[in-house]
Protein chains: 2
Amino acid sequence: MPVESRTSLLDVMRARGLRMTEQRRTLVEVLECAEKHLDADEVFRRARERDPSIHRATIYRTLNLLKKMGLVDELDLMHVAGDRHYYEIRPSVFHIHLVCTRCGAVEEPGGPFWEELKAKVRRDTGFRPEAARMEMGGLCRDCQSPEDAIRA
Amino acid sequence: MPVESRTSLLDVMRARGLRMTEQRRTLVEVLECAEKHLDADEVFRRARERDPSIHRATIYRTLNLLKKMGLVDELDLMHVAGDRHYYEIRPSVFHIHLVCTRCGAVEEPGGPFWEELKAKVRRDTGFRPEAARMEMGGLCRDCQSPEDAIRA
DNA sequence: CTAACTGCAAACCTTTTGCATTGAC
DNA sequence: GTCAATGCAAAAGGTTTGCAGTTAG
């Protein structure tokens, strides 16, 4: 959701030789304008608002395609709201998702974790990380009771 | 999968007041003996080998129960093998899952990440982490070509 | 022109649920 | 004995697929 990709996903898709259809333009618009994480159904509903003829299967197919190409990430946000999957345009900077298990709020604090962690893992294990997903469940500031706040 | 929990899950369940049925004993056995991460269907198949009368719904219900009680974790391992969910007994020490996007191998290097990270997140954001999931996709040592190995 | 993409509808797979029965405590 | 847990079967999600028609390059 950090939307500040200077080049639109559309450009990347074009550059990779994908055909640019009206439906794909619509879908990308929906993803780029999202103010929160959307599951496939929500993406579909928003896309249909812009283009009532767009079909659910197209949403799934395109989302899968972009996922396979590494252009969007699929999240499950600790399954706090059921087994839905959420999609976001692959951010250039790795970030954590903090999911409140009480109210469902999702925060995404920034940080230099990714490069550090990637280097560390590579060094320690020989594994070469390409993508990462990190989600923490817990209580957001607003959902912590006084007692919660005390037991650090 | 780090199986070395000195006290069996069964004891914890008993201590928390859950009824100990034959089916639950079977399911825990399956989880504790698993040599890799199992999805619900695989858990079901292995449980049925030990007790042919056990029902799928029981597996799902119990897995959900244990998940809600924080005794097992649900993983998706970067969706490398489709949208399956995998289950593991909640390890006492937080660990990362490294999932090879080529061969599907899963590594779990140890490390003191969890306490450090938990403290850092709490300090930086006010969020109080209770559970974490961290998965990295990439290439395991065996799947890296010489060129891969070079471009660190 | 042709391969890629889409809409449609049906199939698929996984998970959940209501209900009567069984069994743990 | 009582309430929780189970088996069963049906329903509910959510996602995928085959096919014929459409369209981008």
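Below, chain A is the first sequence line, B the second, and so on; all start at residue 1. When reading the values below, keep in mind they use all heavy atoms of this one structure, side chains included, and skip hydrogens, waters and symmetry mates.
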Q: Considering just the side-chain nitrogens and oxygens of A:R24, establish if one lies under 4.0 Å of OP1 or OP2 belonging to C:dC5.
A: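 A:R24 to C:dC5 OP1/OP2: side-chain N or O found under 4.0 Å.
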Q.
Does a side-chain N or O of B:Q23 approach OP1 or OP2 of D:dG7 to a distance below 4.0 Å, or not?
A. yes
Just the rounded figure in Å: distance from [atom2] of [N] to [atom1] of [X].
X     : N      : atom1 : atom2 : result
A:H55 : D:dT15 : NE2   : P     : 15 Å
A:F44 : C:dT6  : CZ    : C1'   : 13 Å
A:H85 : D:dG13 : NE2   : P     : 16 Å
B:L18 : D:dA5  : CG    : P     : 7 Å
B:D51 : D:dT6  : CG    : C1'   : 11 Å
A:I54 : D:dT23 : CD1   : P     : 14 Å
A:L65 : D:dT16 : CG    : C1'   : 15 Å
B:R25 : D:dA5  : CZ    : C1'   : 13 Å

Identify whether any heavy atom of [X] sits under 4.0 Å from a base atom; if not, whether one sits that close to sugar-phosphate; answer base, sugar-phosphate or nothing.
X     : answer
A:D41 : nothing
A:N64 : sugar-phosphate
B:R61 : base

With respect to the side chain of [X], which nucleotide from [options] is positioned closest?
X     : options               : answer
B:Y60 : C:dT14, C:dC5, D:dG7  : C:dT14
B:R19 : C:dA3, D:dT6, C:dC25  : C:dC25
B:R84 : D:dG7, C:dC25, C:dT14 : C:dT14

Q. D:dG14 base to A:R56 side chain: any donor-acceptor pair below 3.5 Å?
A. no
Compute whether any side-chain donor of one residue and acceptor of the other, for [X] and [Y], lie under 3.5 angstrom apart.
X      : Y      : value
A:E74  : A:H85  : yes
B:T62  : B:Q23  : no
B:E107 : A:T125 : no

Q | B:R122 bridged to B:E130 by N-O distance under 4.0 Å | A |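 Judged by the 4.0 Å cut-off on N to carboxylate O distance, B:R122 and B:E130 do not form a salt bridge.
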Q: Kindly give the heavy-atom pair with the smallest separation between A:R46 and A:L38, and that separation in Å.
A: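 Looking at all heavy atoms of both residues, the shortest contact is CZ-CD2, 3.6 Å.
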Q: Using heavy atoms to find the nearest nucleotide of DNA chain D for B:A57 and A:T21 separately, return the residue whose nucleotide is more 5′.
A: B:A57
